[in-house]
Undergrad: 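Here's a structure for you.
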Amino acid sequence: MVERRRLGRRRGPLRPCDGSRRAIVTRAPLAAEHPVADAFRAAFRAHPAGVAIITALSADGPVGVTASSVASVSVRPPAVSFSLTAGARATPGIVGGTSVLVHLLDAEDAPLARRFAAPGVDRFGPGTQWELTDEGEPRLRGVGTALRCRVHRVLDVGDSVLVAAFVTGVSGAGHRGRRLVYAERSFHSLAPVSGPAAMTNE
């Protein structure tokens, strides 16, 4: 069951694209411009983040969007989170579907990242090589790693939507070359840094 929540008062079920009742909505007030908003934007503008493209099949066809918010949440069971702009055209199709694909991008995938971030572009047009998987999600050909995810909960936070999803499958040949990151409003190729690399939360 997919739950959709927003901090504050609870509303009725959100209807996904297929008309079923899978989501519970709880909403919070949308705050006006916060006094630290400019400093917040500047801080995260300089903070590099990995880049992914999230795709799903909606009632109107395939939808997809570039995201720099994908994060690993849990290993037992495997789960990820990501955020989307609430008013984006692709958002209803992604949060309302039964499953999505999260494509983890490498530096050579930068043209795809730009295409799926650009407004008014036919993202699945002739310039994009893609196919439908056996489960029905749009799979971008050539991307090294794709995570099949089942949306678990959706939380409305301000002008964005925070999605938690369980990972039900991993496909592809894996990463190829350097990773793609986003910082200072542009894409960059990530080079390794020498020294200990292990990170734990313990």
Side-chain angles (χ1 to χ4, degrees), residues 1-34 37 40-41 44 47 49-105 113 116-117 119 123-124 130 132-133 135-140 143 145-171 182:
M1 177 178 180
V2 179
E3 293 183 1
R4 179 168 180 144
R5 295 183 176 180
R6 198 166 194 171
L7 303 177
R9 58 195 176 92
R10 171 164 289 187
R11 297 179 61 183
L14 172 74
R15 288 187 179 273
C17 297
D18 61 4
S20 63
R21 298 171 66 90
R22 286 196 302 272
I24 297 175
V25 181
T26 308
R27 298 196 175 276
L30 180 63
E33 185 74 358
H34 196 278
F40 175 81
R41 291 190 192 99
F44 271 89
H47 181 69
V51 184
I53 293 176
I54 302 166
T55 63
L57 187 64
S58 73
D60 297 321
V63 294
V65 65
T66 299
S68 59
S69 57
V70 175
S72 169
V73 174
S74 170
V75 176
R76 298 181 293 272
V80 298
S81 68
F82 55 87
S83 64
L84 305 168
T85 301
R89 293 179 61 184
T91 297
I94 291 174
V95 302
T98 56
S99 64
V100 302
L101 284 187
V102 178
H103 301 76
L104 304 181
L105 305 188
F116 277 78
R123 297 174 179 177
F124 292 91
W130 65 282
L132 289 177
T133 68
E135 288 73 18
E137 307 99 347
R139 173 73 156 92
L140 301 177
V143 175
T145 302
L147 312 177
R148 175 172 291 110
C149 301
R150 175 173 54 83
V151 176
H152 172 54
R153 291 188 179 180
V154 181
L155 177 68
D156 290 322
V157 183
D159 58 2
S160 295
V161 175
L162 181 64
V163 180
F166 291 121
V167 178
T168 60
V170 180
S171 62
Y182 185 77

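All of these numbers come straight from a predicted model, not from anything done at the bench. Start at 1 with the first residue, then count along the sequence.
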Undergrad: Under the rule for side-chain hydrogen bond (donor to acceptor under 3.5 Å, both in side chains), what residues qualify as partners of Arg148, not counting sequence neighbours?
TA: Glu135, Glu137
Undergrad: Evaluate the ring planes of His152 and Phe166, with Trp represented by its six-membered ring, and classify them as parallel (under 30°), tilted (30 to 60°) or perpendicular (over 60°).
TA: tilted
Undergrad: What heavy-atom pair brings Val100 and Ala56 nearest, and what distance separates the two atoms?
TA: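 In this case the closest contact between Val100 and Ala56 is CG1-CB, 3.8 Å.
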Undergrad: Per the side chain to side chain donor-acceptor pair (under 3.5 Å) rule, what does the pair list look like for residues 62-79, sequence neighbours excluded?
TA: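 Output for this query lists Ser69-Ser83.
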Undergrad: Which residue in the set Leu104, Leu105, Val70 passes side chain to side chain contact (heavy atoms under 4.5 Å, CB included) when paired with Val51?
TA: Leu105
Undergrad: How would you list, by chain and number, every residue that makes a side-chain hydrogen bond (donor to acceptor under 3.5 Å, both in side chains) with Thr85, sequence neighbours excluded?
TA: none
Undergrad: Just verifying a value: how many Å separate Leu155 CG and Ser81 OG, rounded to the nearest 0.5 Å?
TA: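 Going from CG on Leu155 over to OG on Ser81, the span is 11.0 Å.
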Undergrad: Has the side chain of Arg123 got a donor or acceptor atom that lies under 3.5 Å from a matching backbone atom of Gly64?
TA: yes
Undergrad: Quick one: pull up CG in Leu84 and CD1 in Ile54 and give me the separation to the nearest 0.5 Å.
TA: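 Rounded to the nearest 0.5 Å, the CG-CD1 separation comes out at 5.5 Å.
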Undergrad: I need the Thr55 OG1 to Trp130 CH2 distance, nearest 0.5 Å.
TA: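 Nearest 0.5 Å value for the OG1-CH2 distance: 9.5 Å.
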Undergrad: Could you check whether any side-chain heavy atom of Val151 comes within less than 4.5 Å of a side-chain heavy atom of Val163, counting everything from C-beta outward?
TA: yes
Undergrad: What pairs with Tyr182 under ring-ring contact (aromatic ring centres under 6.0 Å, His included), at least two apart in sequence or on another chain?
TA: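 Phe187.
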Undergrad: Which pair of heavy atoms, one from Phe124 and one from Pro138, lies closest together, and at what distance?
TA: CE2-CB, 3.7 Å
Undergrad: Specify the closest pair of heavy atoms between Ala90 and Val65, including all atoms of both residues, with the distance to one decimal.
TA: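 Taking every non-hydrogen atom into account, CB-CB, 4.4 Å.
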Undergrad: Do you know which two heavy atoms are closest between Val167 and Cys149, and how far apart they sit?
TA: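 Closest approach of Val167 to Cys149, heavy atoms only: CG2-SG, 3.9 Å.
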Undergrad: Closest heavy-atom contact between Val63 and Ser58?
TA: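 Smallest heavy-atom distance, with atoms named: CG1-OG, 3.8 Å.
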Undergrad: When rounded to the nearest 0.5 angstrom, what is the spacing between CG in Leu147 and CZ in Phe82?
TA: 10.5 Å
Undergrad: Could you tell me which residues satisfy side-chain contact (heavy atoms from CB on, under 4.5 Å) with Arg139, sequence neighbours excluded, listed by chain and number?
TA: Leu101, His103, Glu131, Thr133, Val143, Ala146, Ser171
